[in-house]
Amino acid sequence: MGTGLSALTSYLVFGNNKDQSIMSMTAPFIMEGSYMRVALPVAQKDNPPQPVENSMLSLEHVQEEKVATLAFPGICTDAEIERRKKELLEAIEKDGHYSVVSDNVKVLQYNAPGTLPWRRVNEVAVQVAEPLMPLNMTKEVIQVEEVEEENDQPDTEEEGIQESTGLEESETSDDSESGTTTDDEMQ
């Protein structure tokens with residue numbers, strides 16, 4: 001986190017911005033590649049103070065996207081992030097409802113740097129596409145029933161086939177967010 005965390009903390013908590021506004025730190029810290037992002041506090045979301053000119057920060061509107069995440073505890077080493085990314089991609093493939101748009105991993109960290117490793121909460125996230133098929137059409141059940149018909153021939157049965165569809169409803173809501181990003185907007 002190093003330099004990026006220092007710049008974000010300076011902007012938010014110590015008022016190193018053009019308005020010298022002191023704001024609260026938000027979570028999670030979102031890292032992708034060499035960039036770090038954090039959402040602005042709700043009170044400043046619509047009219048955030050501009051970073052000072054020699055700052056490495058920029059204010060950018062981040063477009064809404066759908067992501068799949070996997071939570072894990074501990075320290076975010078490169079090896080741990082890669083292991084958790086692989087686990088997440090396998091879970092998405094096994095589930096079969098979403099397709100991965102990009103396997104560029106985002107790392108979300110929810111705790112201060114001094115938090116003990118076993119108390120840390122982290123997530124890896126990858127962008128996914130809308131369901132491949134509507135969720136309410138994912139399960140189809142065919143039931144076979146015996147139906148007795150009245151006709152001239154006694155004790156004659158015909159089989160009837162009845163189809164029914166199991167319905168599942170799922171709604172997701174994504175919020176757009178404005179945030180501060182070091183160096184460049186995260187994709």
Side-chain angles (χ1 to χ4, degrees), residues 1-17 21-51 55-95 97-98 100-130 170-187:
M1 285 198 229
T3 307
L5 178 60
S6 295
L8 289 170
T9 301
S10 179
Y11 170 80
L12 290 167
V13 178
F14 300 124
N16 188 20
N17 52 63
S21 297
I22 295 176
M23 299 170 269
S24 58
M25 183 63 81
T26 61
F29 299 104
I30 304 168
M31 286 149 292
E32 183 176 18
S34 62
Y35 301 104
M36 177 183 281
R37 181 177 76 217
V38 67
L40 288 168
V42 174
Q44 284 80 19
K45 185 177 180 182
D46 293 330
N47 191 22
Q50 294 298 309
S55 172
M56 61 189 290
L57 299 178
S58 63
L59 295 175
E60 299 177 7
H61 179 77
V62 177
Q63 293 298 317
E64 175 178 286
E65 65 182 11
K66 187 177 294 285
V67 297
T69 64
L70 175 69
F72 64 98
I75 297 175
C76 291
T77 64
D78 290 342
E80 183 66 8
I81 291 167
E82 192 60 36
R83 185 171 76 82
R84 299 300 181 154
K85 174 186 167 183
K86 181 179 176 187
E87 187 178 341
L88 175 60
L89 292 173
E90 288 171 357
I92 294 167
E93 184 177 337
K94 181 179 178 184
D95 178 67
H97 286 93
Y98 295 91
V100 175
V101 173
S102 169
D103 66 354
N104 291 335
V105 68
K106 293 174 179 64
V107 178
L108 291 72
Q109 293 183 293
Y110 292 87
N111 306 103
T115 303
L116 296 171
W118 58 88
R119 298 196 60 158
R120 291 184 182 198
V121 177
N122 311 294
E123 291 180 312
V124 289
V126 294
Q127 186 177 2
V128 295
E130 293 295 321
S170 175
E171 293 184 23
T172 57
S173 174
D174 293 325
D175 294 326
S176 298
E177 61 181 53
S178 293
T180 45
T181 305
T182 58
D183 292 332
D184 195 52
E185 180 180 354
M186 295 175 56
Q187 299 298 322

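Count residues from 1 along the sequence.
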Please check: side-chain N/O of [X] versus main-chain N/O of [Y], any donor-acceptor pairing under 3.5 Å?
| X | Y | answer |
| --- | --- | --- |
| R120 | F72 | no |
| K94 | L89 | no |
| N111 | T115 | no |
| T9 | S6 | no |
| T26 | A39 | yes |
| Y11 | P49 | yes |

Locate the shortest heavy-atom distance separating [X] from [Y]; write the atom from each residue and the value.
| X | Y | result |
| --- | --- | --- |
| M56 | A7 | CG-CB, 3.9 Å |
| Y110 | P28 | CE2-CB, 3.5 Å |
| S102 | V126 | O-CB, 3.7 Å |
| V105 | E32 | O-CG, 3.7 Å |
| G4 | M36 | C-SD, 3.8 Å |

Using side-chain contact (heavy atoms from CB on, under 4.5 Å), reason through F29 and L5 one step at a time and then give a plain yes or no. CA-CA 9 Å; F29 299 104; L5 178 60; 3.4 Å; yes
I'd like to check [X] versus [Y] (side-chain heavy atoms, cut-off strictly below 4.5 Å). Are they in contact?
| X | Y | answer |
| --- | --- | --- |
| V128 | I92 | yes |
| Q50 | L59 | yes |
| S55 | N16 | no |
| V107 | Q109 | yes |
| E123 | L70 | no |

Can you name the side chain to side chain donor-acceptor pair (under 3.5 Å) partners of N122, sequence neighbours left out?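 Not a single residue meets the side chain to side chain donor-acceptor pair (under 3.5 Å) criterion with N122.
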D95: which residues meet the side chain to side chain donor-acceptor pair (under 3.5 Å) condition with it, sequence neighbours left out?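 Once residues adjacent in sequence are excluded, the partners of D95 under the side chain to side chain donor-acceptor pair (under 3.5 Å) criterion are H97.
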Measuring from [X]:[atom1] to [Y]:[atom2], what's the distance to the nearest 0.5 Å?
| X | Y | atom1 | atom2 | result |
| --- | --- | --- | --- | --- |
| L8 | R37 | CG | CZ | 11.0 Å |
| K45 | N47 | NZ | CG | 13.5 Å |
| L88 | E93 | CG | CD | 11.5 Å |

Pair up each side-chain donor or acceptor in residues 74-82 with any protein partner under 3.5 Å, not counting sequence neighbours, and list the distances.
residue: T77; atom: OG1; partner: E80; partner atom: N; Å: 3.0
residue: E80; atom: OE1; partner: R83; partner atom: NE; Å: 3.3
residue: E80; atom: OE1; partner: R83; partner atom: NH2; Å: 3.4
residue: E80; atom: OE2; partner: R83; partner atom: NH2; Å: 3.1
residue: E80; atom: OE2; partner: R84; partner atom: NE; Å: 2.7
residue: E80; atom: OE2; partner: R84; partner atom: NH2; Å: 3.1

L40, I22, L57 screened by side chain to side chain contact (heavy atoms under 4.5 Å, CB included) with L12, the one that passes: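 The passing option is L40.
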Between K106 and E65, is the closest basic N to carboxylate O distance under 4.0 Å?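 Salt bridge present between E65 and K106.
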CD/E87: more than 12 non-hydrogen atoms of other groups inside 6.0 Å: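 Correct, the count exceeds 12.
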